[in-house]
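Keep in mind the model is a prediction, meaning the values are calculated, not measured.
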Amino acid sequence: MMPHMTRRYRTAKKIQAAAIRLAVRDGLANVTTEAIAREAGISTRTFFNYYPYKEAAMMGPPPDYPAEASEQFVAGTGTLIEDLGRLITAHLSRFLDERELLVHILALSDTDPKLDALRNSTMLSRRAQMRELLRRRCPAARPAQIEILAAAIVAATNAATKAWTSGEADDFIAAALENLSLIQPAAEMLGRRPG
């Protein structure tokens, strides 16, 4: 079964949606774990089986790269950018019906330091996952190259997320693939002289 289809994942997403709804309606400071549990139709004890505190619930389950797509990327025989495009497409496809939720998460994290720190921590975690996938795919590459490329890939998808949630881009996946295609030309800028 796909990880995003498990009952545990669905419950985690239900709790996240309830937390975001309450934070948008009542303000983050006025939301309690008890209120989130009530809104989600679960006990407070069940809430704590999923999340340690309300901000974690708002961030939802960690958006790890899909396992099957990750393994296909590592074993891929196409160019790195082609196989990366397939991985990112599989990754972002899971969030296509969550635009409004992402809009609220970004808006709330802009106003709350704890939520913002959690969002940054999530990005660092995703970068570490990408670093590991790249290391497995390209074992001969220098660690610094892997680190820089992983950071660029995560920055490209984050920029697409911001463009999509702001309404600047209509197609989330197309925006992400476009941003990924900019990594190589961006690196080539380093060798150019001004003017």
Side-chain angles (χ1 to χ4, degrees), residues 1-72 86-130 132-133 154 157-176:
M1 184 180 269
M2 299 284 283
H4 66 281
M5 302 305 272
T6 64
R7 195 174 106 208
R8 181 166 179 83
Y9 184 85
R10 283 194 308 270
T11 302
K13 294 301 286 182
K14 183 171 89 170
I15 296 168
Q16 179 190 25
I20 296 293
R21 242 186 341 270
L22 290 175
V24 168
R25 189 186 77 199
D26 303 337
L28 185 58
N30 301 315
V31 176
T32 64
T33 53
E34 292 79 13
I36 295 168
R38 216 174 18 258
E39 179 79 9
I42 58 169
S43 69
T44 306
R45 183 177 177 167
T46 299
F47 173 94
F48 288 114
N49 285 334
Y50 284 84
Y51 299 109
Y53 44 87
K54 67 182 182 182
E55 291 85 358
M58 289 174 196
M59 288 305 298
D64 297 342
Y65 294 108
E68 189 179 331
S70 295
E71 292 310 312
Q72 288 169 353
R86 281 189 278 282
L87 171 61
I88 296 304
T89 298
H91 172 56
L92 298 183
S93 294
R94 301 171 300 166
F95 305 104
L96 292 177
D97 60 349
E98 296 185 9
R99 189 177 198 166
E100 193 178 331
L101 192 72
L102 288 169
V103 167
H104 291 311
I105 291 169
L106 293 177
L108 289 165
S109 64
D110 282 345
T111 63
D112 183 78
K114 191 170 183 180
L115 203 53
D116 192 47
L118 263 180
R119 196 171 58 120
N120 287 327
S121 170
T122 299
M123 284 188 275
L124 288 174
S125 168
R126 207 162 31 251
R127 193 162 92 194
Q129 291 165 16
M130 179 53 68
E132 178 59 17
L133 292 175
V154 171
T157 55
N158 286 343
T161 303
K162 285 184 178 164
W164 186 56
T165 55
S166 72
E168 185 186 321
D170 286 331
D171 186 327
F172 191 15
I173 292 171

task: For Ala57 and Ile15, work out which heavy atoms get closest and say how close.
output: CB-CG2, 4.1 Å
- prompt: Does Glu132 have any side-chain contact (heavy atoms from CB on, under 4.5 Å) partners at least two apart in sequence or in another chain, and if so, which?
  reply: Arg135, Arg136
message: Test: salt bridge (Lys or Arg N to Asp or Glu O under 4.0 Å). Region: residues 40-50. Which pairs qualify, not counting sequence neighbours?
response: none
query: Roughly how far apart are Ile42 CD1 and Tyr50 OH, rounded to 0.5 Å?
result: 7.5 Å
task: For residues Ala90 and Ala69, report the shortest heavy-atom separation together with the two atoms involved.
output: CB-CB, 3.6 Å
message: Rounded to the nearest 0.5 Å, what separates atom CG in Leu96 from atom CH2 in Trp164?
response: 5.5 Å
message: If the condition is salt bridge (Lys or Arg N to Asp or Glu O under 4.0 Å), which residues does Lys13 pass it with, not counting sequence neighbours?
response: Glu98
field: Spatial distance of atom CG (Leu115) from atom CZ (Arg119) [nearest 0.5 Å]
entry: 8.0 Å
- line: Minimal heavy-atom distance between Ala17 and Leu101, with the atoms involved, is CA-CD1, 4.2 Å
query: With distance as the sole test, does Thr11 use its side chain to make a donor-acceptor pair with the main-chain N or O of Arg7 at under 3.5 Å?
result: yes
message: Could you work out, with side-chain contact (heavy atoms from CB on, under 4.5 Å) as the rule, every residue matching Thr111, not counting sequence neighbours?
response: none
- prompt: Do any pairs count as a ring pair (Phe, Tyr, Trp, His ring centres under 6.0 Å) and have a residue in residues 104-127, sequence neighbours left out, and if so which ones?
  reply: none
- prompt: In a check of side chain to side chain contact (heavy atoms under 4.5 Å, CB included) between Thr122 and each of Ser109, Pro62, Pro63, which one passes?
  reply: Pro63
Contact list for residues 48-57, test salt bridge (Lys or Arg N to Asp or Glu O under 4.0 Å), sequence neighbours left out: Glu55-Lys114
query: Which residue pairs pass the salt bridge (Lys or Arg N to Asp or Glu O under 4.0 Å) test with at least one member in residues 15-38, sequence neighbours excluded?
result: Arg21-Glu39
Distance, nearest 0.5 Å, that separates CD1 of Ile105 from CG of Asp110: 12.0 Å
- request: Flag the pair Tyr51 / Pro61 as yes when at least one side-chain heavy-atom distance between them is below 4.5 Å, and no otherwise.
  value: yes
query: Residues in side-chain contact (heavy atoms from CB on, under 4.5 Å) with Thr165, at least two apart?
result: Leu102, Val103, Leu106, Thr161
- prompt: So which heavy atom on Ala176 is nearest to which on Leu92, and how close?
  reply: CB-CD1, 3.3 Å
task: Please round to the nearest 0.5 Å and tell me the distance separating atom CG of Asp112 and atom CG of Leu28.
output: 4.5 Å
message: So which atom in Ile36 and which in Ala18 form the shortest heavy-atom distance, rounded to 0.1 Å?
response: O-CB, 4.0 Å
- request: For Gln129, enumerate each residue passing the side-chain contact (heavy atoms from CB on, under 4.5 Å) test, keeping only those at least two apart in sequence or located in another chain.
  value: Asp64, Tyr65, Ser125, Arg126
message: Does anything in residues 99-109 form a salt bridge (Lys or Arg N to Asp or Glu O under 4.0 Å)? List the pairs, not counting sequence neighbours.
response: none
- request: Would you please test Met58 and Leu118 for side-chain contact (heavy atoms from CB on, under 4.5 Å) and show each step?
  value: CA-CA 10 Å; Met58 289 174 196; Leu118 263 180; over 6 Å; no
- line: Residues at least two apart in sequence or cross-chain that pass ring pair (Phe, Tyr, Trp, His ring centres under 6.0 Å) with Phe95, listed by chain then number, are His91
Distance (rounded to the nearest 0.5 Å) between Leu133 CG and Glu71 CD: 7.5 Å
message: For Arg8, give me all partners under salt bridge (Lys or Arg N to Asp or Glu O under 4.0 Å), at least two apart in sequence or on another chain.
response: none
message: I need the minimum non-hydrogen distance between Ala169 and Ala175, along with the two atoms involved.
response: CB-CB, 3.9 Å
